[in-house]
2 protein chains.
Amino acid sequence: MSEVGFMASESSPKGTEIDAPICDEQHEPTRDVGSFPLEVEDSQRMAEFFAVLADPTRLRLISLLSSSESCVCDLAENLSVSESAVSHQLRALRNARLVQYRKVGRQVFYRLHDHHIFDLYATVREHLAE
Amino acid sequence: MSEVGFMASESSPKGTEIDAPICDEQHEPTRDVGSFPLEVEDSQRMAEFFAVLADPTRLRLISLLSSSESCVCDLAENLSVSESAVSHQLRALRNARLVQYRKVGRQVFYRLHDHHIFDLYATVREHLAE
DNA sequence: ATAATATATGAACATACGCTCAGGTATTTG
DNA sequence: CAAATACCTGAGCGTATGTTCATATATTAT
């Protein structure tokens with residue numbers, strides 16, 4: 001915490017007034033993004049959301065579900081992962097509302113919850129492909 | 001792994017041919033998203049990217065940097081977090097190329113790396129606000 | 001009912017992560 | 001030069017996470 005000189009209520013240290021935030025290249029008309037700064041509670045919810053996407057197996061599941069609905073055993077086989085592991089991961093995706101499912105006999109077919117999920121996946125995939 | 005009956009090379013179990021993926025609601029002309037299914041190596045890089053965003057402190061840093069460039073001590077003060085913790089987190093953001101910085105004297109001013117980061121942040125923020 | 005299949009779940013273990021603490025580098029000031 | 005400031009970094013600790021293993025539930029077949 002910068003021990004400020006006198007009347008500086010907050011912000012950067014004293015002395016070097018010369019170059020305060022010479023922020024020339026600002027963003028476009030900064031669209032409204034809720035409270036600012038981001039509340040701790042909101043940041044935790046957001047972090048949990050990203051955390052669900054921060055796993056290779058879950059991302060590969062999303063990749064498969066991006067093209068078509070699949071049952072658990074097919075997902076496990078296509079990813080060469082145990083069905084137990086897939087089931088655990090699908091639960092995480094379910095809890096985060098990233099996938100939906102429907103039961104047919106003893107099988108359970110999963111698919112992405114909505115197109116937003118696909119869009120997010122595709123956007124980041126493209127971003128990393130650059 | 002479903003022990004298939006005879007000539008079924010892969011995919012769902014035998015028997016219940018009745019309801020194979022009745023996937024009616026397909027996505028729009030499925031835009032190309034690279035290799036399919038997502039390669040393990042790619043999934044790991046993508047997971048690492050999301051992992052950087054999967055932390056409340058880093059998200060709040062991004063929140064602050066969304067509106068303006070800031071030095072480390074201001075970021076620490078605004079978030080009520082130690083400068084050491086902020087520095088550690090900024091390193092993670094730096095390594096992931098989510099932020100840029102410029103040195104001015106003994107201060108270091110950070111800002112978002114580019115507008116893609118802001119867009120991603122804003123999009124997910126809106127998504128969770130619904 | 002019994003067996004087999006498809007999926008879900010809890011415990012446990014190894015790993016990964018974020019914070020604090022202590023110390024280090026670089027720049028400015030006296 | 002020494003002291004102060006702004007920031008960075010490595011080690012260590014407590015906690016969270018993903019997998020495996022064993023077991024449980026539900027559905028279908030015999």
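Quick caveat: nothing in here was measured; it's all calculated off a predicted structure. By convention in this document, chain letters (A, B, ...) are assigned in the order of the sequence lines, proteins followed by strands, and residues within each chain are numbered from 1. Values below: all heavy atoms of this structure, side chains included; hydrogens, waters and symmetry mates excluded.
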Colleague: Kindly give the atom pairs (protein nitrogen or oxygen, nucleotide nitrogen or oxygen) under 3.5 Å for nucleotides 14-18 of chain D.
Modeller:
residue	atom	partner	partner atom	Å
dG18(D)	OP1	R58(A)	NH1	3.2
dG18(D)	OP1	R58(A)	NH2	2.5
dG18(D)	OP2	R58(A)	NH1	3.4

Colleague: Would you please name every residue forming a side chain to side chain contact (heavy atoms under 4.5 Å, CB included) with Q100(B), sequence neighbours left out?
Modeller: R111(B), H113(B)
Colleague: Do the side-chain N or O atoms of R94(B) get closer than 4.0 angstrom to the phosphate oxygens (OP1, OP2) of dC7(D)?
Modeller: no
Colleague: For R60(A), check side-chain hydrogen bond (donor to acceptor under 3.5 Å, both in side chains) against everything at least two apart and list the hits.
Modeller: none
Colleague: How would you list, by chain and number, every residue that makes a salt bridge (charged side-chain N to carboxylate O under 4.0 Å, His left out) with E126(B), sequence neighbours excluded?
Modeller: R31(A)
Colleague: For D42(B), enumerate each residue passing the salt bridge (charged side-chain N to carboxylate O under 4.0 Å, His left out) test, keeping only those at least two apart in sequence or located in another chain.
Modeller: R125(A)
Colleague: Suppose we screen for side chain to side chain contact (heavy atoms under 4.5 Å, CB included). Which residues come up paired with A129(B), at least two apart in sequence or across chains?
Modeller: none
Colleague: Under 4.0 Å between a side-chain N/O of R106(B) and OP1 or OP2 of dC8(D), yes or no?
Modeller: no
Colleague: Quickly work out the F109(B) CZ to dC7(D) C1' distance and round it to whole Å.
Modeller: 13 Å
Colleague: Under the ring pair (Phe, Tyr, Trp, His ring centres under 6.0 Å) rule, what pairs show up with a residue in residues 47-77 of chain B, not counting sequence neighbours?
Modeller: H127(A)-F49(B)
Colleague: To the nearest 0.5 Å, tell me how far I117(A) CD1 sits from L112(A) CG.
Modeller: 7.0 Å
Colleague: Identify each atom pair where a protein N or O and an N or O of nucleotides 10-13 of chain C are less than 3.5 Å apart, giving names and distance.
Modeller:
residue	atom	partner	partner atom	Å
dG10(C)	O6	H88(A)	NE2	2.8

Colleague: Starting from P on dC7(D), measure out to CG on D74(B) and report it in whole angstrom.
Modeller: 8 Å
Colleague: Can you tell me if Y101(B) touches the phosphate of dC8(D), counting only side-chain N or O atoms and a distance under 4.0 Å to OP1 or OP2?
Modeller: no
Colleague: Ignoring backbone atoms, test whether S82(B) places a side-chain nitrogen or oxygen under 4.0 Å from the OP1 or OP2 oxygen of dT20(C).
Modeller: yes
Colleague: Between dG18(C) atom C1' and L59(B) atom CG, what is the distance in whole Å?
Modeller: 14 Å
Colleague: Taking ring-ring contact (aromatic ring centres under 6.0 Å, His included) as the test, write out the residues that go with Y110(B), two or more places apart.
Modeller: Y101(B)
